[in-house]
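Have a look at the structure below before the remarks.
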Amino acid sequence: MLESIIKYILVPEEEIQGIVARLGEEINRDYADKNLVIVCVLKGSLMFTVDLAKKLNLVSEMEFVRVSTYGNATESSGDMKILLDFERDDISECDLLVIEDIVDSGNTLSRLVKLFKAKGARSVKTCTLLDKPARRKVDFVPDYVGKVIPDEFVFGYGLDLFEKYRDLPYVAVVSDEYLKNLK
Ligand code: IMP
Ligand code: MG
């Protein structure tokens, strides 16, 4: 079943863990004298956030947001709805690091950055496991990037295929047969 959905494994588990370790070192260095608040963008970045947080040797806090972008299965539209938000009285003393699974059009993260800046955060930066720059629709560059990938629909390690397969420890490319049957 799963074999017929996977075209190939794009980022194996060991590579993901190597990426997470590298990003963890960069964040440890950059946030040594800051007040780091990790913002996990549910549901996709759950796995990445948890693994990354374990590599940090800083005192940090965690917040969670959930957004929905309208569109079909493999294409997000420009509209974004906040399904879960957070409030803090000390936002002006928070250095937010927004953690995403993947940047595609750039809509989600560029809007979240604007929102958190408008709320008064001291600083807002972004960290994504995967980046598909070829698909960008808005001018957005993430601050920390795990891996730049080609324009393929991927799933696993938090990323879903109709809400399933988020638990896979690797990132895979969806097979052509599967995509064909969606049409
Ligand atoms: P953006 O707003 O277009 O940058 O899209 C970001 C969101 O679209 C991500 O948080 C994912 O939820 C979803 N997304 C984009 N590309 C993929 C993919 O290849 N697989 C699974 N989800 C994706
Ligand atoms: Mg997502």
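As the structure lists them, so they are numbered: ligands from 1, and atoms in each ligand from 1.
Near G106, with a cut-off below 4.0 Å to any heavy atom, the atoms of ligand 1 are 1 (P), 3 (O), 4 (O).
Between S105 and ligand 1, an N or O atom pair is found at a separation short of 3.5 Å. At a 3.5 angstrom cut-off on N or O pairs, V154 counts as close to ligand 1. Residue V103 has no nitrogen or oxygen atom sitting less than 3.5 Å from a nitrogen or oxygen atom of ligand 1, judged on distance alone.
When D101, V173, V174, D160 are ranked by how near their heavy atoms come to atom 12 (O) of ligand 1, first place goes to D101.
Looking at E100 against ligand 1, only its side chain comes within 4.0 Å, counting heavy atoms.
Figure legend: cation-pi geometry between K119 and F86, with NZ or CZ positioned under 6.0 Å from the six-membered ring centre and within 45° of its axis.
Inspection of the Y157 and D167 side chains reveals no N or O donor paired with an N or O acceptor under 3.5 Å.
Look at G44 and you'll find every heavy atom at least 4.0 Å from all atoms of ligand 1. At least one heavy atom of K132 lies less than 4.0 angstrom from ligand 1. Heavy-atom distances between F155 and ligand 1 stay at or above 4.0 Å for every pair.
Taking the charged nitrogens against the carboxylate oxygens, E61 and R88 do have a contact shorter than 4.0 Å, which makes a salt bridge.
Here CG of L130 is found 10.0 Å from CD of E100. Values are rounded to the nearest 0.5 Å.
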